[in-house]
Undergrad: 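Provided herewith is a single structure, encoded as structure tokens, for subsequent inquiry.
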Amino acid sequence: MIELTAVQLAERVQQGGLSAAEVTEQYLARAEQYRGLNALLHVDAEGARARAAAIDAKRAAGTKLGRLAGVPVVIKDNLCVRGVPTTCASKILEGYRPPYHAHVIERVLAEDGVLIAKANMDEFAMGSSNENSAYGAVRNPWNQAHAPGGSSGGSAAAAAARLAPLTLGSDTGGSVRQPASFCGVTAIKPTYGRVSRYGLIAFASSLDQVGPITRTIGDSARLLSVVSGFDKRDATSAQRDVEDYEGALGKSIRGLRVGVVKLPAGNSKSVEDAFAASLKALSSAGAELVEVELPNLEYAVATYYVVATAEASSNLARFDGMRFGLRVRGNDLNETYGATRTQGFGPEVQRRIMLGTYALSSGYYEAYYIKAQKVRTLIAQDYARAFERCDVIATPTSPEPAFKLGEKSSDPLSMYLADIYTLPPSLAGLPALSTPAGFSPEGLPIGLQLTAPAFEEQRLISVASALEAATDFAQRVPAGF
Ligand code: GLN
């Protein structure tokens, strides 16, 4: 059954060809079998079995099952699930069990999905390699010496290794797209405001979105349609109807204008080759390629790392040993705060809190934070101008395929620079997707990123589905999985 997509699996369970219980057992066994990947932090076997039994009973009673009937779902560990450990891969949240479900979890459960595990990630979603997890790095299923990407590396590795047909991640500056490209799977970062962040532990609130990571575009479209929609508990949630994402699958892209930006230097050859081949495939499918410019693209990395760290320094102030998780006692309150935060946060999180605090401090606020906000506006205006001439914009997702574990971990700046393609759509609040675009000569996957105007996820889905139909990249499975 592991060859079935989520859409196929849900249909089988709805019709009674497979029980939710047998699907759950199969995937729990895989979680156990592939523990060595370190993709999962907590497997909720008991909860999953109870849920599957309830779904089977519901069907037996004649109730129509939901759109995710019996489908196993892996959840990034920064999404709250009631009663289930939720750590953000940080020591500071050790022992924390949220008393409530995130909005997206409620939606998945309402459609009869089965949560089977929480996925490993970079601590508080800060990173591009998963090496910032307090619980050890995740391995890339295509080559276990390589990083799976980050910060949703556990979710992407789980999707690629078929530990669940559906996984959820979060994306602040690329965290569903870049790991998807490293692991040869598909991910969608929705428009800012499309998916409620209620119950997503905040990193940078003006950027954070929740998005699907799956093996096929059809499954991502299904999961996105389940989790999207207005929620009054997130003040940024968009009050508009959810577009028909599954209806966009298989739609012709004839005449669609694909904007192509002149690529900056520094891409690996295999990425440039795969990018060129994708453009060729798009034009064979009838799309029209047009040159566009995003002149402020080169400032995106600097802008993001000011805005995101500033917001993180504020959001992470709530972890002080009083309310959640770890408490390291000192002689007085201040010492307790200091000791808890020093022992609870890893080095990258501490670095970002300090950078962000600095950027917000009096005297530097105007020079860094305000300036970054202004550049952010310029980047958004670049896109607005570019979209006068095209319908979607294509770039690589990452300048290189999955790098080796340890290769960049001692050099944070080189890690930040690798986010060059995924940061700009995030800063502009636009929807963006990563779809499999080929393999390097070493057999590592490569992704293509597509960006669309706000709330035009359907365009992204149509283009990805045209590419998926034209190649076999999404059908390949890493050896041994
Ligand atoms: N790699 C980026 C960072 O480290 C993006 C992370 C994310 O999207 N959560 O901040």
Side-chain angles (χ1 to χ4, degrees), residues 75-79 88-90 119-133 137-138 147-156 167-183 187-190 192 195 197 200-213 300-313 315-316 345-356 359 372 376 397-400 402-403 407-409 411-434 447 449 451:
I75 309 288
K76 187 175 183 178
D77 206 29
N78 56 357
L79 286 161
C88 281
S90 180
N120 203 349
M121 56 185 281
D122 282 301
E123 185 177 1
F124 282 102
M126 298 174 185
S128 309
S129 69
N130 239 275
E131 293 164 294
N132 297 332
S133 168
V138 177
S151 65
S152 313
S155 303
T167 76
L168 278 174
S170 69
D171 190 310
T172 303
S175 275
V176 297
R177 290 162 282 159
Q178 184 258 18
S181 84
F182 278 21
C183 292
I188 305 176
K189 196 288 281 185
Y192 188 73
V195 179
R197 291 95 46 87
L200 167 70
I201 297 173
F203 162 12
S205 305
S206 75
L207 297 153
D208 297 340
Q209 271 293 292
V210 178
I213 309 178
V301 174
T303 304
Y304 170 88
Y305 278 94
V306 171
V307 172
T309 57
E311 294 183 14
S313 72
N315 274 325
L316 271 57
F345 290 134
E348 180 63 22
V349 174
Q350 295 195 20
R351 179 180 299 119
R352 296 207 189 189
I353 291 173
M354 287 189 276
L355 282 171
R376 186 174 183 179
T397 307
S398 164
E400 59 187 334
F403 43 82
E407 191 179 320
K408 289 187 199 286
S409 48
D411 181 2
L413 198 56
S414 79
M415 194 82 90
Y416 299 171
L417 288 168
D419 294 340
I420 166 134
Y421 294 119
T422 54
L423 300 177
S426 296
L427 288 165
L430 302 176
L433 152 160
S434 181
Q449 177 178 257
T451 305

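Values below: all heavy atoms of this structure, side chains included; hydrogens, waters and symmetry mates excluded. Atoms within a ligand are numbered from 1 in the order they appear, just like the ligands themselves.
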Undergrad: Should you measure from each heavy atom of S151, which atoms of ligand 1 turn up under 4.0 Å away?
TA: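 It comes down to these atoms of ligand 1: 9 (N).
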
Undergrad: Could you tell me, atom by atom, which parts of ligand 1 come under 4.0 Å of a heavy atom of A125?
TA: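 By the 4.0 Å cutoff, the relevant atoms are 6 (C), 7 (C), 9 (N).
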
Undergrad: Atom CG in D77, atom OG in S151: separation rounded to 0.5 Å?
TA: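 Those atoms lie 11.5 Å apart.
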
Undergrad: Would you call V176 and I188 a side-chain contact if the rule is heavy atoms closer than 4.5 Å?
TA: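 No, side chains not in contact.
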
Undergrad: Enumerate the atoms of ligand 1 whose separation from the nearest heavy atom of S128 is less than 4.0 angstrom.
TA: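 Those of ligand 1 that fall under 4.0 Å from S128 are 1 (N).
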
Undergrad: Measuring from atom CD of E407 to atom CD of E400, what distance do you get when rounded to the nearest 0.5 angstrom?
TA: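 Between E407 CD and E400 CD, I get 6.5 Å after rounding to 0.5 Å.
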
Undergrad: Do R351 and M126 come close enough that some side-chain heavy atom pair is under 4.5 Å?
TA: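 Heavy-atom side-chain distance check fails, nothing below 4.5 Å.
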
Undergrad: Do any nitrogen or oxygen atoms of D419 lie less than 3.5 angstrom from nitrogen or oxygen atoms of ligand 1?
TA: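 Yes, at least one N or O pair falls under 3.5 Å.
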
Undergrad: If I apply the N/O under 3.5 Å rule, does G127 come out as touching ligand 1?
TA: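 Among all N and O atoms of G127, at least one is under 3.5 Å from an N or O of ligand 1.
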
Undergrad: Assess whether side-chain contact (heavy atoms from CB on, under 4.5 Å) is satisfied between N132 and V349, documenting all intermediate values.
TA: CA-CA 8 Å; N132 297 332; V349 174; over 6 Å; no

Undergrad: So, does R352 sit close enough to ligand 1 that a heavy atom of it is under 4.0 Å from the ligand?
TA: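 True for this residue.
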
Undergrad: Got the closest protein heavy atom to atom 7 (C) of ligand 1, with its distance?
TA: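 Looking at atom 7 (C) of ligand 1, the protein heavy atom closest to it is S175 OG, 2.4 Å.
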
Undergrad: Which ligand 1 atoms, with their elements, are less than 4.0 angstrom from a heavy-atom of F203?
TA: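 Those of ligand 1 that fall under 4.0 Å from F203 are 9 (N), 10 (O).
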
Undergrad: Picking from R197, K189, R177, K76, what satisfies salt bridge (Lys or Arg N to Asp or Glu O under 4.0 Å) with D171?
TA: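 Going through R197, K189, R177, K76 one by one, the salt bridge (Lys or Arg N to Asp or Glu O under 4.0 Å) with D171 is satisfied by R177 alone.
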
Undergrad: Which residue and atom name correspond to the protein heavy atom nearest atom 3 (C) of ligand 1, and how close is it?
TA: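 Nearest protein contact, heavy atoms only, for atom 3 (C) of ligand 1 is Y305 OH, 3.2 Å.
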
Undergrad: May I ask whether Y304 places a heavy atom under 4.0 Å from ligand 1?
TA: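 In this structure, Y304 qualifies as a contact of ligand 1 - some heavy atom is under 4.0 Å.
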
Undergrad: With atoms numbered from 1 as shown, which atoms in ligand 1 lie under 4.0 angstrom from a non-hydrogen atom of G173?
TA: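 By the 4.0 Å cutoff, the relevant atoms are 5 (C), 7 (C), 8 (O).
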
Undergrad: Can you list the steps and then say if R352 with F345 is a side-chain contact (heavy atoms from CB on, under 4.5 Å)?
TA: CA-CA 11 Å; R352 296 207 189 189; F345 290 134; over 6 Å; no

Undergrad: Does G174 have a heavy atom less than 4.0 Å from any atom of ligand 1?
TA: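 The answer is yes, since G174 has a heavy atom less than 4.0 Å from ligand 1.
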
Undergrad: What's the verdict on side chain to side chain donor-acceptor pair (under 3.5 Å) for S205 and N315, showing C-alpha distance, side-chain angles and the deciding distance?
TA: CA-CA 8 Å; S205 305; N315 274 325; 3.0 Å; yes

